[in-house]
Asker: 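Here it is, the structure in full.
Throughout, protein chains are lettered first and strands after them, A, B, ... in sequence-line order, and every chain is numbered starting at 1.
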Amino acid sequence: MSGMMLTVMLVLFAVSVPVAVAIGLAAVVGLAGFTNFPLVVAAQQLFIGLDRFPLAAIPFFILAGNLMDIGGISRRLVEFAKSIVGGIQGGLPATCVLTCMIFAAISGSSVATTFAVGAIMIPALVRAGYPVAFAAALQATAAELGVIIPPSIPMILYGVSTQTSIPELFIAGFGPGILISVALVTTVLIWCRIKGWGKNDGDGRLPFLVATKQAGWALLMPVVVLGGIYGGITTPTEASVVAVVYAIIVGVFIHRETRLLDLYPIFKKSVISSAVIMFIIAAATLFSWLLNRQGVPDIAAEWLVKTFDDAHWYLLAVNVFLFVVGMFVETSASIIVLAPILAEAAQRLGIDGVHFGTIMVVNLAMGMITPPFGVNLFAAAQVAGTSIDKMMRYLPIFIGVIFACLMVLSFVPWITLALPTLVFR
Amino acid sequence: MNAINVMPLQVTAVATAAAVGFALWAGHQGAQSGGARAVARRAVLTLDRFTTEVAAIIACLALIIAVAAGAWQVISRFATETPSAWSEALVRVALIWMAYLGVAVALRAGALVSIDIAHRLTSGTLQRTIEAISLACVLALLGVMFWFGWAMVERVQFQTIAGLEFSMAYAYAAIPLGALLAMVGAMAHFLDRRSEELENAQ
């Protein structure tokens with residue numbers, strides 16, 4: 001039966017049926033064709049799948065991100081990042097990475113980061129003489145930080161579907177986020193030296209203090225949100241509500257760049273984005289529930305443990321497997337369906353749940369820049385007005401850097417676990 | 001297969017086939033020039049403009065209610081140090097409404113994520129066939145959600161939501177109602193294709 005469900009799902013994926021519908025329909029086929037359940041349980045699971053308070057953080061963080069973006073935040077953050085790293089040769093690509101890193105602490109999504117930062121950075125890079133496809137490839141790659149540095153929608157999903165602490169996952173994202181940022185900055189600086197790009201990148205940047213003052217309210221937001229979580233004051237969901245309220249207050253009353261009339265389109269856009277992802281979550285919950293009823297996770301975990309028998313080989317195999325999955329499948333669905341299975345085996349092999357979750361999120365984030373299905377690539381190509389084919393000239397190096405970071409993260413657990421251990425254990 | 005499922009599934013299958021047939025007929029290229037096809041197409045699009053806007057407004061209101069209830073929860077915890085019992089439940093119910101009515105808006109906008117390689121690589125009749133298959137799948141799933149969502153509403157009408165004083169049926173009603181509005185949105189999207197997948201991807 002699980003084979004049948006998988007086949008239906010993959011066939012529907014292949015003919016361009018929306019991901020949520022393909023998963024939901026595959027589950028309905030499995031439920032109606034191979035079990036004796038009445039189909040009302042499908043409706044029940046579609047309800048229960050969303051009836052979980054931690055998931056409420058997803059629409060709230062999406063809304064907060066959209067509100068901050070319209071409130072002129074990204075432009076201020078770019079100026080701030082530029083005032084720090086913009087002065088050297090290759091300073092603009094480095095600014096792009098640093099801005100994505102800071103924006104990631106406000107946004108939980110990498111596509112949102114691509115649009116928000118890319119709309120400013122890609123034209124700036126092109127004006128400074130960088131090839132368009134290079135700018136787009138860099139932006140798509142750096143935007144991955146959006147889901148690695150907290151808040152992060154994939155981490156919320158991993159936490160909910162494997163009963164792992166979301167605050168621990170969030171704080172564990174900092175180490176990998178910083179590692180990847182440093183690796184990307186180093187890569188672009190060397191690249192610019194070799195190609196002779198960006199000798200005048202420092203032109204027209206603001207003094208550090210001016211830029212900091214301008215970006216102050218934006219920079220304070222992650223402090224308020226994460227401070228609430230780690231000060232033990234709010235749950236992640238409550239922190240996401242604080243983020244929304246903060247974004248409205250800053251946008252409407254302090255920066256005065258958001259008018260109240262602008263709020264309806266922002267809410268509507270947030271509703272659509274949230275509904276898209278929540279529909280996938282609901283359908284994947286139904287699918288995963290059905291697999292669970294058949295005992296699939298247990299059987300699969302047992303097989304995985306017997307086959308790999310060693311944490312290192314298992315991590316290597318999982319990384320290769322998820323790399324392939326990430327090329328074709330959407331992130332949220334992969335996490336909800338695969339995380340319970342893979343994390344169960346990881347736990348039996350003695351791998352820390354928070355560490356494993358971070359590896360999974362970083363790996364699937366890489367899936368956002370691997371063709372043929374890479375949402376960041378589509379987004380960056382659209383912002384830059386170029387094609388993914390042209391970006392392919394520069395992408396392999398970026399993907400290689402991320403993959404190298406992933407290997408380091410997989411086999412040097414303390415980069416991920418130092419902060420959660422310090423704060424929680 | 002459980003016998004209870006047979007009749008609803010048969011009805012859903014027949015209705016889906018009929019709806020897709022109708023959409024193919026109304027959306028055929030001759031439709032722009034007038035006649036019964038154009039009237040049918042315009043009727044669907046007019047109906048959709050109304051239903052999708054209603055869905056969008058309710059979904060936005062639900063999101064506002066969720067934000068307000070969440071904010072109240074944070075404030076009340078600070079002020080009284082006892083979290084209010086109803087706010088968390090209200091956030092969950094409001095967001096379920098937002099999600100299922102939002103699906104209707106998303107379907108109309110073509111915003112649902114799909115792995116659209118096949119759609120991008122094809123053109124003409126083949127591409128239209130792929131779109132029709134997609135429509136059939138969407139309508140079939142929505143049909144199941146409508147029928148059995150409604151059955152679920154009837155089943156839970158005497159249960160109350162913990163923390164809130166109203167019937168669970170009001171929460172579950174989001175699924176069949178959202179599915180109904182989404183069917184119109186999906187038809188309209190097939191007849192007048194928009195593609196805002198990326199603008200709204202997360």
Asker: Quick one: what part of A/F37 sits under 4.5 Å from any heavy atom of chain B, side chain, backbone, both or neither?
Answerer: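 For A/F37, the contact with chain B is made by the backbone alone.
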Asker: Between B/Y170 and B/W97, does the ring centroid distance fall short of 6.0 Å?
Answerer: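 No, too far apart.
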Asker: I'd like to know which of B/C137, B/P8, B/A89, B/A106 tops the heavy-atom pair count under 4.5 Å against chain A.
Answerer: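 If we count pairs closer than 4.5 Å to chain A, B/C137 comes out on top.
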Asker: Contact part of B/E88 toward chain A, heavy-atom cut-off under 4.5 Å: side chain, backbone, both or neither?
Answerer: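 Both parts, backbone and side chain.
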Asker: Which bit of B/V138 is near chain A, if near means a heavy-atom gap under 4.5 Å: side chain, backbone, both or neither?
Answerer: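 Contact with chain A involves both backbone and side-chain atoms of B/V138.
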Asker: Only one of B/T52, B/D192, B/T51 clears side-chain hydrogen bond (donor to acceptor under 3.5 Å, both in side chains) with B/R108; which?
Answerer: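 Among the candidates, only B/D192 passes.
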Asker: For B/A66, which atoms come within 4.5 Å of any heavy atom of chain A: side chain, backbone, both, or neither?
Answerer: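 Both backbone and side chain.
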Asker: Quick check: do A/I277 and A/I58 have side-chain heavy atoms less than 4.5 Å from each other?
Answerer: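 A/I277 reaches A/I58 side chain to side chain.
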Asker: Can B/Y100 and A/M278 be said to form a side chain to side chain contact (heavy atoms under 4.5 Å, CB included), step by step?
Answerer: CA-CA 9 Å; B/Y100 283 109; A/M278 287 169 88; over 6 Å; no
Asker: With a 4.5 angstrom heavy-atom cut-off, could you sort out which part of B/I64 is near chain A: side chain, backbone, both or neither?
Answerer: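 For B/I64, backbone and side chain are both near chain A.
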Asker: For the candidates B/I133, B/V74, B/V153, B/I4, which exhibits the highest count of non-hydrogen atom pairs separated by less than 4.5 Å from chain A?
Answerer: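 Of the options given, most contacts go to B/V74.
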Asker: Out of B/A179, B/G102, B/A99, B/A151, which one racks up the most heavy-atom pairs below 4.5 Å with chain A?
Answerer: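 Ranked by contacts with chain A, first place is B/A99.
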Asker: What part of B/A171 gets within 4.5 angstrom of chain A, counting heavy atoms only: side chain, backbone, both, or neither?
Answerer: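 Both backbone and side chain.
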Asker: What part of B/V103 gets closer than 4.5 Å to chain A, counting heavy atoms only: side chain, backbone, both or neither?
Answerer: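 Both parts, backbone and side chain.
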Asker: So which residue, B/V93, B/V67, B/V105, ends up with the most heavy-atom pairs under 4.5 Å with chain A?
Answerer: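 Heavy-atom pair counts peak at B/V67.
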Asker: Within the 4.5 Å heavy-atom criterion, are A/M327 and A/F373 side-chain neighbours or not?
Answerer: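 Not in contact.
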Asker: Based on non-hydrogen pairs under 4.5 Å, which of B/A174, B/A3, B/G70, B/A140 is most in contact with chain A?
Answerer: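 Heavy-atom pairs under 4.5 Å are most numerous for B/G70.
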Asker: Side chain from CB out, backbone as N, CA, C, O: work out which of these in B/I175 comes under 4.5 Å of a heavy atom of chain A, or both, or neither.
Answerer: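 Only the side chain of B/I175 comes within 4.5 Å of chain A.
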Asker: What part of B/L9 gets within 4.5 angstrom of chain A, counting heavy atoms only: side chain, backbone, both, or neither?
Answerer: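 The answer is the side chain of B/L9.
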Asker: Heavy-atom distances under 4.5 Å only: say whether B/M145 touches chain A with side chain, backbone, both or neither.
Answerer: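 Side chain only.
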Asker: Establish, yes or no, whether a centroid distance under 6.0 Å links the rings of A/F47 and B/Y172.
Answerer: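 Yes, ring centres under 6.0 Å apart.
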Asker: Quick one: which of B/M98, B/E131, B/H119 has the most heavy-atom pairs under 4.5 Å with chain A, could you say?
Answerer: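 Greatest number of close heavy-atom pairs with chain A: B/M98.
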